[in-house]
Enquirer: 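One structure, as structure tokens, below. Some questions next.
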Amino acid sequence: MTRVCISSTGLYVPPHIISNAELVQAFNAYADLDNADHATEIAAGKRAAVPHSSVEFIEKASGIQQRYVVEKAGVLDPTRMRPRLAPRADTELSLMAEISVAAAQDALQRAGKTAADVDGVICAAANMQRAYPAMAVEIQAALGVQGFGFDMNVACSSSTFAIEMAANAVKCGSARAILVVNPEITSPHLAWKDRDCHFIFGDVCTAILIERLDNAPAGAFEILGTQLKTMFSNSIRNNAGFMSRAEDRNPEDRDQLFYQEGRKVFKEVCPMAAEHMAKHLATHQLAPANVRRFWLHQANLSMNHLIARKLLGRDATAQEAPVILNEFANTASAGSIIAFHRHHDDIAAGEVGMICSFGAGYSIGSALLRRL
């Protein structure tokens, strides 16, 4: 089969930053308003008061210091606590397509390629803007790519699962190159009113150009292998969907937004991710010590530290497992790709690295790469 590589990646960063201090100020103002509105029930013990958040709590719990968002004012309005997005006409480019095009064009430019060199687009993200038409087909049309496009969702593992889909298409000759885009507009589905998770997510879009090795620019990363795993779990969930309307659900119901059992996820996912990567490396006769860099999913700093410790038998250095979480927060499927995008220039020819993502499902995906 044809050898396949990642030729380049692209990144779109939204224009607005929310610092932890700004987020805490807005959340605490909301908490005070809500507690005042329900003072009687709280005093009677029928309702728990909303506790205040703090910068110290957020950074200790997650390692996050700020996040980028597509809209800031609505999130920081204590009477709203969600982004304020303007609807677009069907004739206008959708928001997810807009940021995907920006990231894809960045990836193409970095590889010295154009849309004419690409035969397909995969839009892989944790949350799609709509059910249909497929976001990927709109993005494909906006880019001017001939061929095909389709959407896929494996939550925070969407990017690595899409890398395998794209690599297989190129390997078998059904495409010369595939653009994988990960438009993660997470802010509309985050429960900004929940102290336990109001700080977790940020918005961003990444793009990955996957193509035949013989067409790739110098310095590309050959995909030596991919490995995927899923195991059903309810520990991370969002029940919003097209059936919600038929069930007469309130969009503000807590389960219509992101929710998780954080401690359970931590205990279950960390050993799974470390074992997954170790087994994947073993299929290529490699040990973790042979890997120059691990580009891990960026959900929680303590999770990444524990996974690396289980994998390496010691704490990883910032060079071995770089962190972008502090700047971007959890960006779902885009996190591991941002880590790769920001931290690959110093990898020497012949050195090996691994992209790994993990999240709801549970799902784990990894891609073993070698610098050419």
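Here, residue 1 is the first one in the sequence, and each next residue gets the next number.
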Enquirer: Within the 3.5 Å criterion, strictly below it, is a donor on Asn304 or His297 matched to an acceptor on the partner's side chain?
Expert: no
Enquirer: Side chain of Ser8, backbone of Ala107: donor and acceptor closer than 3.5 Å?
Expert: yes
Enquirer: Under a plain distance cut-off of 3.5 Å, with no hydrogens placed, do His276 and Ser366 share a side-chain donor-acceptor pair?
Expert: yes
Enquirer: Is a side-chain donor or acceptor of Gln298 paired with a backbone partner of Leu325 at a separation under 3.5 angstrom?
Expert: yes
Enquirer: For atom NZ of Lys171, decide whether the heavy atoms of other residues, nucleotides or ligands shown that lie under 6.0 angstrom number more than 12.
Expert: yes
Enquirer: Between the side chain of Gln129 and the main-chain N/O of Met96, is any donor-acceptor distance below 3.5 Å?
Expert: yes
Enquirer: Is it possible for you to say whether Val24 and Val75 belong to one hydrophobic cluster, with membership spreading through side-chain heavy-atom contacts below 4.5 Å?
Expert: yes
Enquirer: Using only atom types and a distance under 3.5 Å, with no angle test, would you say the side chain of Gln140 pairs donor to acceptor with the backbone of Leu143?
Expert: no
Enquirer: Using the benzene-type ring in the case of Trp, are the ring centres of Phe232 and Tyr362 under 6.0 Å apart?
Expert: no
Enquirer: Only one of Arg370, Arg292, Arg293 forms a side chain to side chain donor-acceptor pair (under 3.5 Å) with Glu351, so which one is it?
Expert: Arg292
Enquirer: Check whether the side chains of Thr160 and Ser357 place a donor and an acceptor atom closer than 3.5 Å, and report yes or no.
Expert: yes
Enquirer: Okay, side chain of Asn330, backbone of Ile200: is any donor-acceptor separation there less than 3.5 Å?
Expert: no
Enquirer: When you check the side-chain N and O atoms of Ser244 and Gln256, is any donor under 3.5 Å from an acceptor?
Expert: yes
Enquirer: Set out, in order, the CA-CA distance, both residues' side-chain angles and the distance that settles side-chain contact (heavy atoms from CB on, under 4.5 Å) for Tyr259 and Asn238, then state yes or no.
Expert: CA-CA 6 Å; Tyr259 67 102; Asn238 184 335; 5.8 Å; no
Enquirer: Is it the case that the side chains of Asn20 and Arg67 hold a donor-acceptor pair, with the cut-off being a distance below 3.5 Å and no angle test?
Expert: yes
Enquirer: If I compare all heavy atoms of Phe266 with all of Pro271, which pair ends up nearest, and what's the gap?
Expert: O-CD, 4.3 Å
Enquirer: Is it true that the side chains of Ser333 and Ser158 contain a donor and an acceptor less than 3.5 Å apart?
Expert: no
Enquirer: Is a side-chain donor-acceptor pair under 3.5 Å present for Asn182 with Ser159?
Expert: no
Enquirer: Answer with yes or no whether the side chains of Ser187 and Asp203 bring together a donor and an acceptor at under 3.5 Å.
Expert: yes
Enquirer: When you measure from the side chain of Arg195 to the backbone of His52, do you find a donor-acceptor pair of N or O atoms at a distance under 3.5 Å?
Expert: yes
Enquirer: Under 3.5 Å, is there a donor-acceptor pair linking the side chains of Tyr68 and Glu327?
Expert: yes
Enquirer: So that I know where these two stand, are His189 and Phe201 an aromatic pair - ring centroids less than 6.0 Å apart?
Expert: yes
Enquirer: I need the single residue from Asp119, Thr2, Asp214, Asn215 that forms a side chain to side chain donor-acceptor pair (under 3.5 Å) with Arg176. Which is it?
Expert: Asp119
Enquirer: Please check: side-chain N/O of Lys72 versus main-chain N/O of Ile17, any donor-acceptor pairing under 3.5 Å?
Expert: yes
Enquirer: Quick one: hydrophobic cluster around Met1, which other residues, with the 4.5 Å side-chain cut-off, linked directly or via members?
Expert: none
Enquirer: Cut-off 3.5 Å, side chains only: do Ser94 and Glu138 have a donor facing an acceptor?
Expert: yes
Enquirer: Testing the basics here: between Ile163 and Ala367, what is the closest heavy-atom pair and its distance to 0.1 Å?
Expert: CG2-CB, 4.2 Å
Enquirer: Under 6.0 Å between ring centres, would you say that holds for Phe221 and His344?
Expert: yes
Enquirer: Do you know the tightest heavy-atom contact between Ile347 and Arg371?
Expert: O-NH1, 3.0 Å
Enquirer: Using a distance-only test with no angle check, is there a side-chain donor-acceptor pair under 3.5 angstrom linking Glu184 and Thr331?
Expert: no
